[in-house]
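This report refers to the structure that appears directly beneath it.
The chains referred to below are lettered A, B, ... by the order of the sequence lines, with proteins before strands, and numbering in each begins at 1.
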Amino acid sequence: MKARVTVTLKTGVLDPQGKAIEGALGSLGVAGVDSVRQGKLFDVELATDDPAEAEATLKAMCEKLLANTVIESYRYDISG
Amino acid sequence: MNAAVIVFPGSNRERDVAAALARASGKAPAFVWHTETELPAGTDLVVLPGGFSYGDYLRCGAIAARSPAMDAVRAHAARGGLVLGICNGFQILVESGLLPGILTRNADLRFVCRQQHLKVERADTAFTRAYQPGQVIEVCIAHGEGNYFADPETVARLEGDGRVAFRYCDADGVVGGRANPNGSVNDIAGVYSEQRNVLGLMPHPENLIDAAIGGTDGAPLFAGLAQAA
């Protein structure tokens with residue numbers, strides 16, 4: 001199965017990189033941007049075909065390594 | 001004192017800290033490769049050195065924190081053994097759960113490399129016993145991700161329990177403001193574990209142990225450890 005994991009900063013956590021990107025968009029003349037938050041995206045291929053097992057594996061990998069839950073939250077989408 | 005320095009792929013300050021330890025204690029530390037599952041018998045102090053373990057991939061210290069040697073370091077800390085993490089070593093300690101919080105990108109996004117004054121918050125720990133409480137010392141910093149962050153409850157707990165080890169200050173000991181190089185909450189430069197046997201700090205005391213290369217204000221940290229262990 002394939003899955004996509006998205007890790008983003010929690011609300012309220014300062015994101016200086018997102019702020020810098022936001023500033024750069026402004027200086028490029030891209031109008032209408034209220035704010036930018038930078039995150040990470042992981043495409044994962046799993047050896048199982050069982051959705052429950054895939055979900056357990058994804059949750060474990062997010063909690064153990066992919067996200068630092070002090071400042072980050074995560075979500076995953078299984079695409080079959 | 002029997003010290004062990006854990007070496008990860010990308011560590012680069014292990015020889016500096018080994019020199020500081022040898023000078024303070026008269027005994028060279030053991031180097032332990034990150035794939036080892038045990039520390040040398042009789043290890044008193046474990047040091048996680050500075051550098052860029054695993055190229056800072058994913059998050060600084062994140063992958064090193066999950067290496068086999070860190071299980072041995074966790075067991076050592078749980079027994080009350082001393083653990084010192086400097087710079088990338090501090091990042092590894094927070095990623096491994098041995099210390100709370102996290103070190104994020106410097107607030108101004110710049111890698112900062114300069115001399116830096118610190119205030120020693122307390123002098124009754126194994127790490128700071130050779131300093132005076134409130135003493136201002138000059139060491140150096142070199143990091144891009146030293147912005148200490150924790151949720152407000154955690155910060156309040158650290159403050160309330162006296163677990164802040166060092167704060168960024170100026171030459172006169174005035175904490176914070178422009179003296180804070182990275183945006184760290186409460187100007188925190190280093191924190192202790194609950195039992196104060198684990199210390200993580202961003203600055204590099206190991207590089208200030210010789211008057212010929214910038215000063216000796218880092219030396220008492222290692223002298224204190226040599227006395228304590």
Side-chain angles (χ1 to χ4, degrees), chain A residues 2-30 33-47 53-78, chain B residues 53-68 70-71 74 88 90-112 143-158 180-188 191 200:
Chain A
K2 291 183 178 177
R4 177 163 281 186
V5 179
T6 312
V7 175
T8 48
L9 285 173
K10 289 180 178 172
T11 312
V13 175
L14 191 70
D15 178 16
Q17 294 175 98
K19 277 276 167 227
I21 294 162
E22 195 181 305
L25 288 172
S27 57
L28 279 169
V30 180
V33 179
D34 280 340
S35 83
V36 178
R37 305 276 285 168
Q38 181 175 314
K40 298 187 183 108
L41 187 153
F42 306 86
D43 282 327
V44 184
E45 294 199 25
L46 298 163
E53 192 184 336
E55 183 159 351
T57 305
L58 286 162
K59 188 166 170 39
M61 74 171 73
C62 289
E63 290 284 338
K64 287 182 180 173
L65 183 63
L66 297 188
N68 184 320
T69 54
V70 175
I71 53 166
E72 293 170 328
S73 47
Y74 60 84
R75 56 171 286 179
Y76 43 80
D77 300 295
I78 300 170
Chain B
S53 58
Y54 291 91
D56 283 349
Y57 292 174
L58 189 61
R59 298 177 305 274
C60 299
I63 298 176
R66 277 82 180 169
S67 60
M70 285 307 294
D71 287 332
R74 256 185 227 102
N88 189 222
F90 186 12
Q91 295 164 338
I92 295 168
L93 285 175
V94 296
E95 278 285 347
S96 70
L98 279 165
L99 291 174
I102 190 170
L103 294 143
T104 63
R105 184 64 62 99
N106 292 350
D108 67 359
L109 293 172
R110 293 205 176 106
F111 188 96
V112 56
H143 60 250
E145 266 125 345
N147 185 349
Y148 186 76
F149 176 87
D151 61 71
E153 295 76 35
T154 302
V155 173
R157 200 173 71 239
L158 289 173
N180 182 334
N182 51 33
S184 289
V185 61
N186 289 18
D187 310 299
I188 291 171
V191 295

Distance-minimising heavy-atom pair for A:L65 and B:L58: O-CD2, 3.4 Å

Residues in residues 38-47 of chain A that sit under 4.5 Å from chain B, counting heavy atoms only: A:K40, A:F42

Heavy atoms from other residues, nucleotides or ligands near NZ of A:K2 exceed 12 (cutoff 6.0 Å): no

Heavy-atom proximity to chain A below 4.5 Å, by part of B:N106: backbone

Atom group of A:K64 that falls short of 4.5 Å from chain B, counting heavy atoms: backbone

Other residues, nucleotides, ligands: >12 heavy atoms within 6.0 Å of B:Y57 OH: no

CZ/A:R75: more than 12 non-hydrogen atoms of other groups inside 6.0 Å: no

Proximity breakdown for A:I71 and chain B, heavy-atom pairs closer than 4.5 Å: side chain

Separation between OG1 of B:T104 and CG of A:L9, rounded to the nearest 0.5 Å: 8.5 Å

Per-residue contact mode, A:E72 against chain B (heavy atom under 4.5 angstrom): side chain

Closest non-hydrogen atom pair, A:P16 against B:A107: CB-O, 3.7 Å

Salt bridge (charged side-chain N to carboxylate O under 4.0 Å, His left out): pairs with one or both residues in residues 94-106 of chain B, sequence neighbours excluded: B:R59-B:E95, B:R66-B:E95, B:R105-B:E145

